[in-house]
Amino acid sequence: MVMDKMNDGTLTDSLMEIYDLLYKRFGPQNWWPAETQFEVIVGAILTQSTSWRNVEKAISNLRTAGVLSLDGLLETDIDKLAELIRPSGYYNMKARKLKAIAGFLSENSGSDLDSLIKRPLDEVRQDLLSVYGVGPETADSILLYAGGLPSFVIDAYTRRIFGRLGIIPEDLSYEKARTFFMDNLPPSAQLFNEYHALIVRLGKEMCTSRNPKCNLCPVKPLARESSFCCNRA
DNA sequence: GCCCAGGGGGCTC
DNA sequence: GAGCCCCATGGG
């Protein structure tokens, strides 16, 4: 597998080449689509296994109800929260998760994250992972898009796209996939931000079938334009 | 009706 | 550490 060729420079060049191809095709994605750091965090919870369109409805409901703030989440009854975020699905679970992250923020940083992001990335990440409802993807989304820290976000699209390009195994574990990208890219929050957003942009156009031979898959033209094209190997 | 969407918790082995 | 089920609405 290509990922074995680590630290020889080729891999970094190829990952940057793919980034450039995506950027030229789609342009800047201006992520995260939120007004404040706090709203990024709320969105990161609500978007779990849910399309952003439905998350927007839930966030709009929270805003209209005047509870889209740290104090708002802390003071609002959990059943009321669940009702407001109903459009985002899993509303009972996510209401409990919003309460948990709100409790964490009130004890550790406040909604601005200032005291949190001063600390080493790995420490903050571990603390976030200890919060109910915050798994690795949500933690990295918060670190990157709310905190501006260089923590690469892996999602289903990342594994599907780079798996089909033959760069990583499609079933690579989250932590190994994250380590792979972070070991082979310069640690730039701006780069990680745009890269992940572009991956999602391409991922939305992919067929969701698991058939790697699908000729409609836009990853194929991407491969032909990059050094990972099997025809060039 | 069926499958999937910018996952994570809890449980089992 | 991997595999499975559950959470649940909305869109194609």
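Per chain, numbering begins at 1; letters A, B, ... match sequence-line order. All figures in this text were calculated on a predicted structure; none of them were measured in a lab. These numbers come from the heavy atoms of this one structure, side chains and all, not from hydrogens, waters or symmetry mates.
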Practice task
Using heavy atoms to find the nearest nucleotide of DNA chain C for A:Lys57 and A:Thr50 separately, return the residue whose nucleotide is more 5′.
Solution key: A:Thr50
Handout entry: Dot-bracket pairing map - DNA chain C, Watson-Crick plus G-U, both contacts under 3.5 Å, | cross-strand
Key = |||||||.||||
Presence of [X] side-chain N/O under 4.0 Å of [N] phosphate oxygens OP1/OP2:
X: A:Arg86; N: C:dC7; result: no
X: A:Asn92; N: C:dA8; result: yes
X: A:Lys176; N: C:dA2; result: no

So if I take every side-chain heavy atom of [X] and compare against [options], which nucleotide ends up nearest?
X: A:Met93; options: C:dT9, B:dG7, C:dC7; result: C:dC7
X: A:Gln48; options: B:dG8, C:dG10, B:dA5; result: B:dG8
X: A:Tyr90; options: C:dC7, C:dT9, B:dA5; result: C:dC7

Handout entry: Same apolar cluster: A:Ile45 and A:Leu74, side chain cutoff 4.5 Å
Key = yes
Exercise for the section: List in numerical order all residues of residues 132-141 of chain A for which some heavy atom is under 4.0 Å away from an atom belonging to DNA chain B. Expected result: A:Tyr132, A:Gly133, A:Val134, A:Gly135, A:Pro136, A:Glu137, A:Thr138
Return the value, rounded to whole Å, for the distance between atom [atom1] of [X] and atom [atom2] of [N].
X: A:Leu46; N: C:dG10; atom1: CG; atom2: P; answer: 14 Å
X: A:Glu83; N: C:dA8; atom1: CD; atom2: P; answer: 12 Å
X: A:Ile45; N: B:dG8; atom1: CD1; atom2: C1'; answer: 9 Å
X: A:Leu98; N: B:dG7; atom1: CG; atom2: P; answer: 16 Å
X: A:Arg53; N: C:dA8; atom1: CZ; atom2: P; answer: 22 Å
X: A:Lys97; N: C:dC7; atom1: NZ; atom2: P; answer: 13 Å
X: A:Ile142; N: B:dG7; atom1: CD1; atom2: P; answer: 14 Å
X: A:Leu129; N: B:dG7; atom1: CG; atom2: C1'; answer: 13 Å

Exercise for the section: Specify the residue among A:Val200 and A:Arg96 whose closest nucleotide of DNA chain B lies further upstream toward the 5′ end. Expected result: A:Val200
Problem - P gap between B:dG10 and C:dA8, integer Å - result: 14 Å
Exercise for the section: Could I get the full list of side-chain hydrogen bond (donor to acceptor under 3.5 Å, both in side chains) partners for A:Arg53, not counting sequence neighbours? Expected result: none
Handout entry: Partners meeting side-chain hydrogen bond (donor to acceptor under 3.5 Å, both in side chains) with A:Ser69 (sequence neighbours left out)
Key = none
Flag the pair [X] / [Y] as yes when at least one side-chain heavy-atom distance between them is below 4.5 Å, and no otherwise.
X: A:Arg96; Y: A:Ile78; result: yes
X: A:Phe180; Y: A:Ile154; result: no
X: A:Leu143; Y: A:Leu128; result: yes

Exercise for the section: Describe the nucleic acid contact of A:Lys94 in one word from base, sugar-phosphate, nothing, applying a heavy-atom distance below 4.0 Å. Expected result: nothing
Problem - Summary of side-chain hydrogen bond (donor to acceptor under 3.5 Å, both in side chains) pairs that have at least one residue in residues 102-123 of chain A, sequence neighbours excluded - result: A:Arg119-A:Asp127
Exercise for the section: Would you mind listing every side-chain hydrogen bond (donor to acceptor under 3.5 Å, both in side chains) that reaches into residues 136-149 of chain A, with sequence neighbours excluded? Expected result: A:Gln48-A:Thr138, A:Arg125-A:Asp140, A:Asp140-A:Ser151, A:Asp140-A:Tyr174, A:Asp140-A:Arg178
Completion exercise
Which of A:Phe181, A:Phe152, A:Trp31, A:Phe162 passes ring pair (Phe, Tyr, Trp, His ring centres under 6.0 Å) with A:His196? It is A:Trp31
Completion exercise
The single option from A:Leu68, A:Ile85, A:Leu84, A:Thr47 that satisfies side chain to side chain contact (heavy atoms under 4.5 Å, CB included) with A:Ile59 is A:Leu68
